[in-house]
Amino acid sequence: SALRGLSFLATVIIVVSLFVPSAIVSGQNREDVKVLLSEEDAYGLVEVTEHKGFGTLDLRTNRQHSEGTSSSRGIAGQRRQGLLPLLLHPGARRMLEVGLGTGIKAGVVENGALSSVTAVELSPAVIRGSRYFAPYSRNRSIKVVAADGRQFVAYSPETYDIISTGVTPYRAGVARL
């Protein structure tokens with residue numbers, strides 16, 4: 001009977017997660033959240049929201065995948081991820097970031113540390129959303145390319161010392177990167 005109750009609870013959780021809009025589950029409908037950008041393209045829904053109480057921004061795709069935030073912890077984490085490749089390859093001059101997100105990770109490198117930073121992003125809506133995070137980027141000279149990352153790497157005549165990505169592996173097509 002305890003197992004039956006647990007099974008029932010698991011079923012309710014699954015049904016609720018499938019049919020209740022993710023915006024309600026994630027708290028996106030709260031009055032303290034202001035939607036700054038809501039745009040759908042061929043790759044999904046992209047939203048930039050501002051939490052009015054904290055003044056932080058969030059970039060989300062399909063109302064569930066967080067692509068980044070302007071919270072102090074979020075910025076610190078994105079900056080650490082951006083510096084890691086440079087620690088592993090300190091003599092690098094050219095870097096490619098596959099998946100722009102907020103642009104904070106690609107923009108962590110101070111101007112002059114690398115001769116060029118290029119970010120390739122599949123979703124034009126994510127590129128537009130990343131502009132809200134420009135004040136948190138330390139590098140204003142990032143070249144942003146709207147293209148498929150795998151195709152860009154395969155066919156670009158450019159060469160890079162570092163190719164980095166923060167794209168999460170559980171999304172469709174990412175394993176082919």
Side-chain angles (χ1 to χ4, degrees), residues 22-23 26-41 43-90 92-149 152 158 160-171 174 177:
S22 60
S26 66
Q28 291 294 314
N29 285 340
R30 298 183 311 205
E31 291 179 13
D32 59 344
V33 174
K34 178 181 177 184
V35 177
L36 302 176
L37 172 81
S38 182
E39 187 174 326
E40 192 166 356
D41 63 15
Y43 307 103
L45 176 66
V46 175
E47 292 180 314
V48 176
T49 57
E50 178 183 20
H51 189 283
K52 294 178 188 175
F54 299 109
T56 58
L57 303 177
D58 289 304
L59 175 65
R60 293 187 178 275
T61 55
N62 299 318
R63 291 203 171 135
Q64 56 187 348
H65 302 293
S66 176
E67 304 300 334
T69 179
S70 69
S71 71
S72 58
R73 290 181 83 183
I75 290 173
Q78 292 170 81
R79 287 182 176 163
R80 281 192 302 270
Q81 289 174 8
L83 290 173
L84 184 60
L86 295 173
L87 294 173
L88 298 173
H89 189 358
R93 299 301 301 149
R94 297 172 47 83
M95 180 173 131
L96 173 68
E97 177 71 24
V98 178
L100 176 65
T102 62
I104 295 171
K105 180 181 169 196
V108 71
V109 183
E110 298 287 348
N111 292 333
L114 293 172
S115 61
S116 73
V117 178
T118 302
V120 61
E121 172 59 51
L122 185 61
S123 169
V126 169
I127 294 172
R128 285 186 284 281
S130 72
R131 294 179 184 141
Y132 288 89
F133 296 85
Y136 306 101
S137 176
R138 293 181 178 165
N139 186 341
R140 307 287 182 191
S141 61
I142 299 170
K143 177 183 174 186
V144 179
V145 179
D148 176 84
F152 183 84
E158 303 293 327
Y160 300 93
D161 300 311
I162 296 171
I163 299 176
S164 175
T165 186
V167 178
T168 50
Y170 57 84
R171 295 201 186 152
V174 172
L177 282 176

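Hydrogens, waters and symmetry mates are skipped; everything else that's a heavy atom, side chains included, is used.
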For A134, is there any backbone N or O sitting under 3.5 Å from a side-chain donor or acceptor partner on S137? no
Kindly say whether R94 contributes a backbone atom to a donor-acceptor pair with the side chain of D161 at under 3.5 angstrom? yes
Is S123 close to T61 at the side-chain level, that is, under 4.5 Å between some pair of heavy atoms? no
dist L122:CG -> L100:CG (nearest 0.5 Å) comes out at 12.0 Å
message = Do E158 and T118 pair up side chain to side chain, a donor and an acceptor below 3.5 Å, judged on atom types alone?
response = no
query: Distance-only, no hydrogens or angles: does the T69 side chain make a donor-acceptor pair with backbone N or O of L57 under 3.5 Å?
result: yes
To the nearest 0.5 Å, atom CD of E50 lies from atom NZ of K34 at 6.0 Å
The reported gap from CD in Q78 to CZ in R80 (rounded to nearest 0.5 angstrom) is 10.5 Å
When rounded to the nearest 0.5 Å, the distance separating NZ of K105 from CG of L83 is 10.5 Å
Sequence neighbours excluded, the answer for ring pair (Phe, Tyr, Trp, His ring centres under 6.0 Å) partners of Y43 is none
Scanning both residues in full, the closest heavy-atom pair of A92 with I162 reads CB-CD1, 3.5 Å
Heavy-atom nearest pair, E121 first then G101, reads OE1-N, 3.6 Å
Report yes if some heavy atom in the side chain of L86 is under 4.5 Å from a heavy atom in the side chain of L114; otherwise report no.
yes
Notebook entry, point to check: Should the heavy atoms of other residues, nucleotides or ligands under 6.0 Å from NZ of K52 be counted, would the total exceed 12?
Noted result: yes
### Message
If only side-chain N and O atoms count, and only distance matters, is there a donor-acceptor pair under 3.5 Å linking R93 with S115?
### Response
no
Only one of T102, I104, L36, T49 passes side-chain contact (heavy atoms from CB on, under 4.5 Å) with L59, and that residue is T102
OG (S72) and CZ (F54) are apart, to the nearest 0.5 Å, by 10.5 Å
Heavy atoms of A146 and I127 approach each other most closely as CB-CD1, 3.7 Å
Determine whether a donor-acceptor pair (N or O, by modelled atom type, separation under 3.5 Å) exists between the side chain of S130 and the backbone of G103.
no
### Message
Given 3.5 Å as the limit, does a donor-acceptor pair link the side chain of E97 with the main chain of A106, or not?
### Response
no
What's the verdict on side chain to side chain contact (heavy atoms under 4.5 Å, CB included) for H51 and S71, showing C-alpha distance, side-chain angles and the deciding distance? CA-CA 10 Å; H51 189 283; S71 71; over 6 Å; no
Here the gap from K143 atom NZ to L96 atom CG, rounded to the nearest 0.5 Å, amounts to 10.0 Å
### Query
Just wondering, do V48 and F133 contact through their side chains at under 4.5 Å, heavy atoms?
yes
